[in-house]
Amino acid sequence: MLKLNSINKKFKSIVVADNINVQLENCTYGLLGRNGSGKTTLLRCITKIEKLNGGSITYSDGVKETNDYLTHIGYLPQNFEIFNELTPYEVLQFFANLKDYGITDDEINNLLKSLNLFSKKDTVVKKLSGGMKRRLGIAQALIGNPDIVLLDEPTAGLDPRGRDEILDQISKLHTERKMTIILVSHSMEDVARYAGRLIVMNHGQKVFDGTPREVFRHYKELEAIGLAAPQVTYLVHDLKEKGFDVSADATTVEEAADEIYNFLKKRQEVQS
C-alpha cells in the first residue's frame, strides 16, 4: 500500500500538486485530468524524480511503513525512449543492470513471454510495431517484480486494436500478479472498462476519487473541468430522461446493453 500524505509540489509560483491525499492499494487506478492538471508530475513525485515541497509518501507491506520504497515501484514514463539498435532482450538486460537488479536469462525470457514478446526477443527495436514497443516499455517497468506499477499514457498513439491489447495485458498483470497499477489515460472509455477506481485531478488538486460509477455520476462537473464521461454515460442518462427504466450508472457498453435488454424484456413481459 502506498500513501500520499498531504503532498505538495510547485514549480516557482505554479502549484502542480496541492495537498494530495491518496491511499493506493491492490487495485487498478485510472488517473485522469486535462493536460497540465498534474498527473505526470504526481507520478514523478511518487518515483522521486521530482522533490516534494511538502508532505510525504510512504509504503506499507502490511507489517511496517517506510519512505524507502523505490524497489517496490515500476515506472513507464510518458515519453519512454527505447534504444532502436538493441533487441528486446538487450533492452531488458540493460534496465536490469541500470536498476542494479540481479536477473537471470530465464527471468528475462519469462518477462518477454508474459508480454507476448518472446518471438521478437532478437529483433532490433526499430523493427517492432508501436504496440510491441509499448509492451516492451511495460516489460522494463516489471523488472524486479514490483508491487506497484505506474504507467503514463501506455496506449498513446496506438490504434484501437493495439490499445486493447495493451490494456488487456495490464488487466492480466493486475489479476495474476495482484499488482497495484496506476494508469494515466485520456480515454474515459478505457478507464471505465479497466480501472476499479478513478482519481481525477484539476489544477493540481484531487477533485474526485471513487469507483467509475461514483465518478461518472458527476459527468456535468467533469465537463466543467474539460473532461467528458464515456459516451455510454450520456446514452443511459438520455434514456432515463425519456422514461426508460434503466440504471444511469452504466459505464461500459456491456453494462448499457444489459440494462437496455432487461428493460425491453420486462416491457415485453408486461405487454404479453
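Counting from 1, the numbers follow the sequence of the chain as shown. What you are looking at is a predicted structure, and each value in this text was computed from that prediction instead of being measured.
Counting all heavy atoms, side chain and backbone alike, Gln231 lies closest to Glu189 at N-OE2, 3.0 Å. The shortest non-hydrogen separation linking Leu42 to Met201 is CD2-SD, 3.8 Å. Counting all heavy atoms, side chain and backbone alike, Cys45 lies closest to Tyr69 at O-OH, 4.1 Å. Residues Val125 and Pro88 share a closest heavy-atom pair of CG2-N, 4.4 Å. Between Ala248 and Val236, the shortest heavy-atom distance links the atoms O-CG2, 3.7 Å. Residue Ile181 comes nearest to Ile170 through the heavy atom pair CD1-O, 3.4 Å, listed as atom of the first residue, atom of the second, then distance.
Side chains of Ile199 and Val22 form a contact here, defined as non-hydrogen atoms less than 4.5 Å apart. No side-chain heavy atom of Pro146 sits under 4.5 Å from any side-chain heavy atom of Ile73. You'll find the side chain of Ile57 reaches within 4.5 Å of the side chain of Leu52, heavy atoms only. Contact check for Glu214 versus Phe208: no side-chain heavy atoms found under the 4.5 Å cut-off. Within the 4.5 Å cutoff, side-chain heavy atoms of Leu136 are placed close to those of Ile82. Leu24 places a side-chain heavy atom less than 4.5 Å from the side chain of Leu4.
Using modelled atom types, one finds a donor on one side chain and an acceptor on the other under 3.5 Å when comparing Asp152 with Thr40. Checked by atom type, the side-chain pair Asn35/His186 shows a donor-acceptor distance below 3.5 Å. Under the 3.5 Å distance criterion, with hydrogens and angles disregarded, a donor-acceptor pair is assigned to the side chains of Gln23 and Glu25. Tyr59 and Asp147 share a donor-acceptor pair across their side chains, judged by distance under 3.5 Å alone.
Around atom NZ of Lys126, no more than 12 heavy atoms belonging to other residues, nucleotides or ligands sit under 6.0 Å away. Residue Lys48 places its NZ atom among more than 12 non-hydrogen atoms of other residues, nucleotides or ligands, all under 6.0 Å distant. Atom CD of Gln268 is surrounded by 12 or fewer heavy atoms from other residues, nucleotides or ligands within 6.0 Å. Within a 6.0 Å radius of NZ in Lys10, no more than 12 heavy atoms belonging to other residues, nucleotides or ligands are found. Heavy-atom contacts from other residues, nucleotides or ligands closer than 6.0 Å to CG of Leu98 number more than 12.
A salt bridge links Glu255 and Arg213; the closest N-O separation between the charged side-chain nitrogens and carboxylate oxygens is under 4.0 Å. Look at Asp209 and Lys206 and you find a salt bridge, because one of the NZ, NE, NH1 or NH2 atoms lies within 4.0 Å of a carboxylate O, short of that distance.
Here Val253 pairs with Val232 under the side chain to side chain contact (heavy atoms under 4.5 Å, CB included) rule; sequence neighbours left out. The side chain to side chain contact (heavy atoms under 4.5 Å, CB included) check on Thr104 picks up Asp106, Glu107, with sequence neighbours excluded.
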Test ring pair (Phe, Tyr, Trp, His ring centres under 6.0 Å) on Phe95 and Tyr89; report intermediate values, then the result. CA-CA 10 Å; Phe95 278 100; Tyr89 182 93; over 10 Å; no

For the pair Ser6 and Asn21, evaluate side chain to side chain donor-acceptor pair (under 3.5 Å) and give the outcome as yes or no after the intermediate values. CA-CA 5 Å; Ser6 302; Asn21 288 282; 3.2 Å; yes

For a side chain to side chain donor-acceptor pair (under 3.5 Å) check, start with the C-alpha distance between Ser56 and Asn5, then their side-chain angles and the critical distance, and finish with the verdict. CA-CA 5 Å; Ser56 64; Asn5 309 300; 3.2 Å; yes

Pair Glu165, Arg134 - check salt bridge (charged side-chain N to carboxylate O under 4.0 Å, His left out), show working. CA-CA 10 Å; Glu165 287 178 356; Arg134 293 288 179 176; over 6 Å; no

Run Leu43 and Tyr75 through side chain to side chain contact (heavy atoms under 4.5 Å, CB included) and show every step you take. CA-CA 9 Å; Leu43 297 192; Tyr75 178 43; 4.2 Å; yes

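Taking the six-membered ring for Trp and thresholds of 30 and 60 degrees, Phe83 and Phe94 have ring planes more than 60 degrees apart, a perpendicular arrangement. Aromatic ring orientation, Tyr219 versus Tyr234: perpendicular (interplanar angle above 60°, classes split at 30° and 60°).
Linking Ile, Leu, Val, Met, Phe, Trp and Tyr residues whenever their side-chain heavy atoms come within less than 4.5 Å places Leu128 and Leu142 in a single cluster. Put simply, Leu31 and Tyr29 are part of the same group of oily side chains (I, L, V, M, F, W, Y) that touch within less than 4.5 Å, one to the next.
Checked against a 6.0 Å centroid threshold, the rings of Tyr261 and Phe244 do not count as neighbours.
Between Ile138 and the options Leu111, Leu117, Leu173, a side-chain contact (heavy atoms from CB on, under 4.5 Å) holds for only Leu173.
Interatomic distance, Leu115 CG to Gln169 CD, rounded to the nearest 0.5 Å: 5.5 Å.
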